[in-house]
Amino acid sequence: MACNYTLSFLFYNDFMYKGYLENKFDVIVVGGGHAGCEAVMACAKLGLKVLLATLNIEHIALQPCNPAVGGPAKSTLVREIDALGGVMAEVTDATYLQMKTLNSSKGPAVRALRAQSDKAEYSRYMRNLLESNENVYLKQCCITELLTHNDEITGAVDEYGIEYSARAVILTTGTSLEGRIFIGLTPYSAGRLGERAAIGLSDSLHKLGIETKKLKTGTPARVDKRTIDYSKMTVQDGDEELHFFSFKPNRPIRKTYPCYLTRTNEITHKIIMENLDKSPMYQGLIQGVGPRYCPSIEDKVVRFAHNPSHHIFIEPEGLGTYETYIQGFSTSLPADVQVKMIRSLPGLENAHIIKPAYAVEYDYVPALQTTHSLMSKKIKGLFMAGQINGTSGYEEAAAQGLIAGINAFNYINKSDMLELSRSSSYTGTLIDDLVTKDIQDPYRMLTSRSEYRLLLRQDNADERLTAIGHRVGLVDDEQFFRFEEKQRLIKEESKRLESVKIPATEKNNEILAKYGEYIDRGYRASELLKRTGINYKVIQELDENTKNLQIPAEVYEQIEVIVKYDGYIKRQQDQVEQSGKLEKFKIPENIDYASIDHISSETKDKLAKIRPKDLAQASRIGGIKPADISVLMVLLDKHRI
Ligand SMILES: Cc1cc2nc3c(=O)[nH]c(=O)nc-3n(C[C@H](O)[C@H](O)[C@H](O)COP(=O)(O)OP(=O)(O)OC[C@H]3O[C@@H](n4cnc5c(N)ncnc54)[C@H](O)[C@@H]3O)c2cc1C
């Protein structure tokens, strides 16, 4: 009996792991960071056998910089990922230390949820998700070479010479490619602190005709929380009324923890200025351009010399560690200088540094060489997502990873690629910017990058993308049904509010006076809701029926936005329609730009390099003039190309 059991167990294992033993996979994902994890989960959930090759499997979904997810524009990306069936929102909701809605008093386009994460828990939760999927195979190794045949990907080779075959490969290598870390003037080879660099893969890309360039980013020191005097700092609490990233119900309610605020001062700035000759950046040792919106502290002190002080946030890294993140204090100055700098900050006079701050320079693949599906233009079946495409940030990486995963599936199944438009999402905007514009510094998502930011809000990501996620196969029927129910409720309740009359009684005006409002005649509830001081809860106070209906917050909050910003939203919808006209002019892939008259050779070169898919994309290429677009439009129209 026991023997039979053993035999059947062995047979079962052999059967289950056959693909692995033969090193044959559908997809290989290189890199277990934020892009990689989404890509793996998407492919695996769609039924593909996936190898996740990563340098250190203890570092899966590691947050090598700030222990936080979300924030302006990024929160919308996380909710878009959730609506499409990705996992980042779920993992963030399950492992937060604090949730906070930023810009809550401002307009809905810039309102943003931000979670302080427990870094180790986040990583563990993600690894557990990966390992719970029978289609996922983890491997700790460095992929050093890509295998191709007739410009199509066929697999990859690791540092030990082991070959893996696959029909698609997704590169999500983060800051590892030929990475060099700087702490002072002597660099050393590493992708991030405590992890080696990925050597070899860049050369393999070059051999395939794919160009790489260099970028740089940096992170601050981590300090032992037992050596921090929080009494000298300002407490930064999270929200009491919690919001979550995922549209799924029943998110876990956890105990929350505060962050703290301190400031740089004259002494900090003096130490920095006196040591600039030891800064690799200021000594020209780093060629890569750094993130414009996340400058190092030495950069801030030099560039904003008139500013006597900069905010520094002190953020916990997790419950199981004393490590504390010093946000706003990234530097590549030598470790001994860092000690002096940190100890000049109020509350950090006795700080013990656990990990020093550092800068890292790494190879990325300019995404002009990539299509909107995130597949390489040169090598079919080769996808790239995340920092390797020139972005910075976990959320930007995860959004791309999800799209690359979905499209690897589409490529293998010869289905149409999923290409999100700019008007559908920040994810679409991000990818369009990457593949159209010549990005020169690490790209971070900002609300200002979208011309449709009032349409692309965190509250309506489900409305924009759930149907796509369902069609793709990543959103299950249950989630889709819940989404449809929510949309039905929003419609019904909006309509009902149009028929609810609020009379100008003394009692109503007493209630309204609390919110700085007054009415001299009867109003419909939908009209009143347009006023700045009035939200749905006020309508509930004014109208007994509305109070008794018990509409969920996620429904009435969206109704408030739709009603209050109706005019602006309609205007942006008109804009989308206008730009849709240019999108209808599709440009054939094989068009010969060199033979087109009346456009400059510079324009021809740019068009030939980027090969826009339609006139709308062509119009967004830097340096392309309206006159060039007119020439192309006439040509496409005349020849019905
Ligand atoms: C020092 C530093 C500072 C940062 N500062 C900021 C910041 O200020 N703001 C911000 O938003 N973001 C910052 N980030 C960036 C943020 O960490 C990344 O944008 C995000 O993690 C990118 O996700 P990714 O999936 O593309 O890559 P990563 O999360 O970096 O993951 C890449 C993975 O690929 C693996 N890998 C690489 N090459 C190979 C190979 N050849 N074979 C096998 N495995 C491989 C690595 O082991 C790693 O697991 C910083 C990162 C670092 C390291």
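Start at 1 and go down the list; that is how both ligands and their atoms are numbered. Basis for what follows: all heavy atoms, side chains included, without hydrogens, waters or symmetry-related copies.
Evaluated by nearest non-hydrogen atom to atom 4 (C) of ligand 1, the leading choice among T217, T173, T219 is T217. Closest to atom 45 (C) of ligand 1 by heavy atom, among L52, T172, L55, is L55. Across the listed options C65, G218, S330, C65 owns the non-hydrogen atom lying nearest to atom 14 (N) of ligand 1. With Y443, Y358, Y362 as candidates, the residue nearest to atom 1 (C) of ligand 1 on a non-hydrogen basis is Y358. Taking only non-hydrogen atoms, the option from T54, T144, I143 nearest to atom 41 (N) of ligand 1 is I143. The option with the heavy atom closest to atom 28 (P) of ligand 1, from among E145, R192, Q387, is R192.
Annotation: V360 places no N or O atom under 3.5 Å from an N or O atom of ligand 1; distance criterion only. Backbone and side-chain nitrogen or oxygen atoms of T391 are examined, and none is located within less than 3.5 angstrom of a nitrogen or oxygen of ligand 1. Remark: ligand 1 and G191 share no N or O pair separated by less than 3.5 Å (distance only, no angle test). Distances between N or O atoms of L177 and those of ligand 1 include no value under 3.5 Å.
In this structure, the side chain of Q369 engages the main chain of P366 through a donor-acceptor pair within 3.5 Å. With E395 contributing its side chain and V78 its backbone, the two residues share no donor-acceptor pair below 3.5 Å. Between the E163 side chain and the L147 main chain, no donor and acceptor come within less than 3.5 Å of each other. Checked by atom type and distance alone, the side chain of D363 never pairs as donor or acceptor with a backbone atom of T212 at under 3.5 Å. A side-chain donor-acceptor contact under 3.5 Å links R79 to the backbone of F245. A donor-acceptor pair is defined here as one N or O able to donate and one able to accept, closer than 3.5 Å; such a pair exists between the side chain of Q98 and the backbone of Y257.
Scanning the protein for heavy atoms near atom 35 (C) of ligand 1, the closest one is G31 CA, 3.4 Å. Scanning all protein heavy atoms for the shortest distance to atom 17 (O) of ligand 1 gives P64 CG, 3.1 Å. The protein atom (non-hydrogen) at minimum distance from atom 27 (O) of ligand 1 is G174 CA, 3.1 Å. In terms of protein heavy atoms, atom 16 (C) of ligand 1 is closest to Y394 CE2, 3.6 Å. Nearest to atom 31 (O) of ligand 1 among the protein's heavy atoms is G33 CA, 3.3 Å. Looking only at protein heavy atoms, the nearest one to atom 10 (C) of ligand 1 is S392 OG, 3.3 Å. The single protein non-hydrogen atom nearest to atom 8 (O) of ligand 1 is C294 SG, 3.2 Å, given as residue, atom name and distance. Of the protein's non-hydrogen atoms, V30 CG1, 3.5 Å is the one closest to atom 40 (C) of ligand 1.
Other residues, nucleotides and ligands contribute more than 12 heavy atoms inside 6.0 Å of the NZ atom of K377.
Contacts of E195 with ligand 1, taken as heavy-atom pairs under 4.0 Å, involve the side chain alone. Of the heavy atoms in A35, both backbone and side-chain atoms come closer than 4.0 Å to ligand 1.
Atoms of ligand 1 lying under 4.0 Å from any heavy atom of A53, numbered from 1 in the order shown and given with element: 43 (C), 44 (N). Every atom of ligand 1 with a heavy atom of S176 under 4.0 Å away is listed here by number and element: 37 (C), 38 (N), 46 (C). Near L201, meaning under 4.0 Å from one of its heavy atoms, ligand 1 places the atoms 41 (N). The contact set between ligand 1 and K74, taken as ligand atoms under 4.0 Å from a residue heavy atom, comprises 11 (O). Shown in contact with A198 at under 4.0 Å from a heavy atom are these atoms of ligand 1, numbered in order with element: 38 (N), 39 (C), 40 (C), 41 (N). Contact atoms of ligand 1 toward T175: 30 (O), 53 (C) (distance under 4.0 Å to a heavy atom of the residue). Near H34, with a cut-off below 4.0 Å to any heavy atom, the atoms of ligand 1 are 21 (O), 25 (O), 29 (O). Heavy-atom proximity to G386, at under 4.0 Å, picks out these atoms of ligand 1: 26 (O).
Between F383 and Y411, the ring planes lie perpendicular to each other; the angle is over 60°, past the 30° to 60° tilted range.
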Assess whether salt bridge (charged side-chain N to carboxylate O under 4.0 Å, His left out) is satisfied between E315 and R114, documenting all intermediate values. CA-CA 13 Å; E315 304 178 354; R114 182 181 190 272; 3.2 Å; yes

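Using modelled atom types and a 3.5 Å distance limit, the side chains of D118 and T95 yield no donor-acceptor pair. Counting only N and O atoms by type, the side chains of E90 and S246 include no donor and acceptor under 3.5 Å apart.
Checked for salt-bridge contact, E317 and K119 meet the test: a charged N lies under 4.0 Å from a carboxylate O. Using a cut-off of 4.0 Å between Lys/Arg side-chain N and Asp/Glu carboxylate O, R167 and D26 are scored as salt-bridged. Between E361 and R180 there is a salt bridge, since at least one side-chain N of the basic residue sits less than 4.0 Å from a carboxylate O of the acidic one.
With respect to E298, the side chain to side chain contact (heavy atoms under 4.5 Å, CB included) criterion is satisfied by exactly one of I272, V337, N275: I272. Only one option out of V302, L333, I326, T264 pairs with I297 in a side chain to side chain contact (heavy atoms under 4.5 Å, CB included); it is T264.
Ligand 1 lies within reach of C141, whose nearest heavy atom is under 4.0 Å from it. Ligand 1 has at least one atom lying under 4.0 Å from a heavy atom of G32.
The OG atom of S392 sits 12.5 Å away from the CZ atom of R292 when rounded to the nearest 0.5 Å.
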